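Notes to accompany the following structure.
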Amino acid sequence: MRIILLGPPGCGKGTQADIVCKEYNIPHISTGDILRDNVKRKTDIGLSAKQYMDTGRLVPDEIIIGMMQDRFSENDCKKGFLLDGFPRTITQAEALDNLLEKMDISLDHIINIDVPDEDIINRISKRLSCPNCGEVYNLLYKKPKKEMSCDTCGGKLHQRDDDKEEVIRNRLDVYRKQTAPLISYYKQKIKNVNGSKDIREVTMDILKILKS
Ligand code: AMP
């Protein structure tokens, strides 16, 4: 199964992606996670990407496309994949089309999770993550058992720099201008899901599409 999950930052893509990937036993490929890992390890990609990520801007296409080319060549992608946060521009979508053509594979589903901006700002500003293991929490609907401490590894939870309100507004602006045009790009294949519903209902709607 090869899937793209589209939607604005904070629409719940990461949470839904984890569930779907477990269900279908496919890798969850999040460009945001790969970039954060590179920033943490201070790799060349991380050092170039950090300035963009901290201010909510998109990392240049050539960096992302090279990074994804490498990721697709890994063995686990043979059984399928779910793309979360990629593509994010028309140039990336065209590069993805070329990569898929070269690998002689195609996408099975493209799902767009839709959530209004004000809900997103409310949600993201309550999001916490573990810098140690990457687990994500939300004070609205997925609270850690112990305040500010990761249930999985005990790490001290923090708010991502790019989850602060002014950066979120910028990320939403970037999304509307640079990523939302992908909805028309994929119009023949895309299915919309209402991401304002309860997490479990959104999952059911997504699984229904994947089984169709
Ligand atoms: P995310 O965790 O998907 O919200 O991504 C966090 C940040 O990483 C974004 O605000 C961008 O700065 C950068 N990023 C992630 N994926 C991409 C992408 N496909 N293209 C460009 N920048 C990206």
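Since the structure is predicted, the reported quantities are computational estimates derived from the model, not experimental observations. One-based numbering, in listed order, for ligands and for the atoms of each.
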>> Heavy atoms only: which of M67, Q92, Q51, M53 lies closest to atom 7 (C) of ligand 1?
In response: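 Nearest option to atom 7 (C) of ligand 1, by heavy atoms: M53.
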
>> Tell me the nearest of K50, R88, M68 to atom 5 (O) of ligand 1, using heavy-atom distances.
In response: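 The nearest heavy atom belongs to R88.
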
How does [X] reach ligand 1, if at all, at less than 4.0 Å between non-hydrogen atoms: by side chain, backbone, both, or neither?
X: L35; value: side chain
X: Q178; value: neither
X: R57; value: backbone
X: V59; value: both

> Would you find more than 12 non-hydrogen atoms of other residues, nucleotides or ligands less than 6.0 Å from R41 atom CZ?
Replying inline: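 Counting neighbours around CZ of R41, more than 12 heavy atoms of other residues, nucleotides or ligands fall under 6.0 Å, so yes.
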
> Who pairs with F81 by ring-ring contact (aromatic ring centres under 6.0 Å, His included), at least two apart in sequence or on another chain?
Replying inline: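 So F81 forms a ring-ring contact (aromatic ring centres under 6.0 Å, His included) with F72.
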
May I ask you to identify the nearest protein heavy atom to [atom], giving residue, atom name and distance to one decimal place in Å?
atom: atom 19 (N) of ligand 1; answer: G85 O, 2.8 Å
atom: atom 6 (C) of ligand 1; answer: R36 NH1, 3.6 Å
atom: atom 10 (O) of ligand 1; answer: R171 NE, 3.8 Å

>> Quick one about Y175 and N170 (side-chain donor to acceptor, distance below 3.5 Å, no hydrogens or angles considered), yes or no?
In response: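 No pair is found: no donor N or O on one side chain lies under 3.5 Å from an acceptor on the other.
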
>> What I want to find out is whether K164 reaches D161 closely enough, with some N-O distance under 4.0 Å, to be called a salt bridge.
In response: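 A salt bridge links K164 with D161.
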
> Salt bridge check: are K22 and D18 linked by an N-O gap of less than 4.0 Å?
Replying inline: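 Salt bridge flag = no for D18 with K22.
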
> N/O of T31 under 3.5 Å from N/O of ligand 1, yes or no?
Replying inline: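 Checking ligand 1 against T31, an N or O pair does fall under 3.5 Å apart.
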
> Mind checking what makes side-chain hydrogen bond (donor to acceptor under 3.5 Å, both in side chains) contact with K197, not counting sequence neighbours?
Replying inline: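 Expected list: D205.
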
> Which distance, rounded to the nearest 0.5 Å, do you find between the CG of D54 and the CD of Q51?
Replying inline: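 Answer for the CG-CD pair, D54 versus Q51, is 9.0 Å.
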
